[in-house]
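See below for the structure under consideration.
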Amino acid sequence: QVQLVESGGGLVQTGGSLRLSCAASGWIFAFNTMGWHRQAPGKQRELVATITRDGSTNYAESVKGRFAISRDNAKNTVYLQMNSLKVQDTAVYFCNRDLRSGRFDGWGQGIQVTVSS
């Protein structure tokens with residue numbers, strides 16, 4: 001079965017950086033686009049970034065220039081480097097698999113990112 005386990009979250013001050021990692025298992029990782037979503041209380045779930053099998057990336061306008069998604073297919077791992085963090089980035093972050101049908105799966109626990117002022 002598909003499993004995605006996020007790590008690397010925590011508490012950071014405004015302007016700081018965090019690097020999230022997502023360890024994938026249960027399928028041939030290299031053949032799917034991967035994405036990161038985030039969910040904050042009282043706010044709409046947001047697709048933060050995606051990366052295709054060959055490394056093409058897309059970002060939400062809110063994180064452009066600050067976040068970078070990457071992947072290591074040999075390690076079955078996707079990353080989200082978050083720089084210049086803002087309080088507005090506070091959320092639970094989820095790593096997901098793109099099913100190529102307008103939806104994502106692999107929803108797990110997610111990981112908390114808290115940015116303090």
Side-chain angles (χ1 to χ4, degrees):
Q1 63 178 22
V2 172
Q3 287 188 290
L4 297 169
V5 181
E6 301 94 343
S7 62
L11 176 65
V12 66
Q13 293 185 13
T14 298
S17 298
L18 287 172
R19 188 193 192 206
L20 305 183
S21 297
C22 173
S25 62
W27 86 102
I28 302 175
F29 172 80
F31 292 163
N32 284 80
T33 290
M34 300 295 296
W36 289 91
H37 289 84
R38 65 185 181 185
Q39 181 80 61
K43 296 184 178 179
Q44 183 177 328
R45 188 182 69 192
E46 180 180 26
L47 177 61
V48 175
T50 60
I51 183 166
T52 68
R53 68 173 77 180
D54 61 350
S56 296
T57 60
N58 289 102
Y59 298 94
E61 186 67 29
S62 58
V63 306
K64 283 183 179 178
R66 301 188 298 116
F67 289 13
I69 188 172
S70 61
R71 68 192 295 165
D72 186 336
N73 288 337
K75 296 181 178 180
N76 284 13
T77 303
V78 60
Y79 306 94
L80 186 67
Q81 178 67 45
M82 303 183 293
N83 299 322
S84 301
L85 282 162
K86 305 174 180 179
V87 172
Q88 296 92 323
D89 296 317
T90 296
V92 176
Y93 285 71
F94 299 89
C95 176
N96 309 106
R97 180 178 68 169
D98 185 357
L99 298 177
R100 303 182 305 278
S101 58
R103 66 182 191 273
F104 293 79
D105 74 352
W107 295 94
Q109 293 291 321
I111 191 160
Q112 180 71 46
V113 171
T114 302
V115 184
S116 65
S117 60

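Heavy atoms only: backbone and side chains are in, while hydrogens, waters and symmetry mates are out.
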Check your understanding: What do the steps show when you test Thr90 against Gln112 for side chain to side chain contact (heavy atoms under 4.5 Å, CB included), and what is the final call?
Key -> CA-CA 8 Å; Thr90 296; Gln112 180 71 46; 3.9 Å; yes
Atom [atom1] in [X], atom [atom2] in [Y]: separation rounded to 0.5 Å?
| X | Y | atom1 | atom2 | value |
| --- | --- | --- | --- | --- |
| Thr114 | Leu11 | OG1 | CG | 6.0 Å |
| Lys86 | Ser117 | NZ | OG | 14.5 Å |
| Arg71 | Thr33 | CZ | OG1 | 7.0 Å |

Review point. By salt bridge (Lys or Arg N to Asp or Glu O under 4.0 Å), which residues pair with Asp98, not counting sequence neighbours?
Key: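 Asp98: no salt bridge (Lys or Arg N to Asp or Glu O under 4.0 Å) contacts found.
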Check your understanding: What residues, two or more places apart in sequence or in another chain, satisfy salt bridge (Lys or Arg N to Asp or Glu O under 4.0 Å) together with Arg66?
Key ->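 Expected list: Asp89.
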Point to revise | Sequence neighbours excluded, every pair satisfying ring pair (Phe, Tyr, Trp, His ring centres under 6.0 Å) that has a member inside residues 96-117 | key: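 Listed by first then second residue: His37-Phe104, His37-Trp107, Phe94-Trp107.
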Review point. Which heavy-atom pair separates Ser17 from Ser84 by the least distance, and what is that distance?
Key: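 Looking at all heavy atoms of both residues, the closest pair is OG-N, 4.3 Å.
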Point to revise | Test side-chain contact (heavy atoms from CB on, under 4.5 Å) applied to Val5 - qualifying residues, sequence neighbours left out | key: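 Val5: no side-chain contact (heavy atoms from CB on, under 4.5 Å) contacts found.
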Check your understanding: Which residues, ordered by chain and number, are linked to Tyr59 in its hydrophobic cluster, where ILVMFWY side chains connect at heavy-atom gaps below 4.5 Å, directly or through other members?
Key ->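 Tyr59 clusters with Val2, Leu4, Val12, Leu18, Leu20, Trp27, Phe29, Met34, Trp36, Val48, Ile51, Val63, Phe67, Ile69, Val78, Leu80, Met82, Leu85, Tyr93, Ile111, Val113, Val115.
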Practice item. Kindly state each residue pair satisfying salt bridge (charged side-chain N to carboxylate O under 4.0 Å, His left out) with at least one member in residues 41-59, sequence neighbours excluded. Key: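 Passing the test, one end in residues 41-59: Arg38-Glu46.
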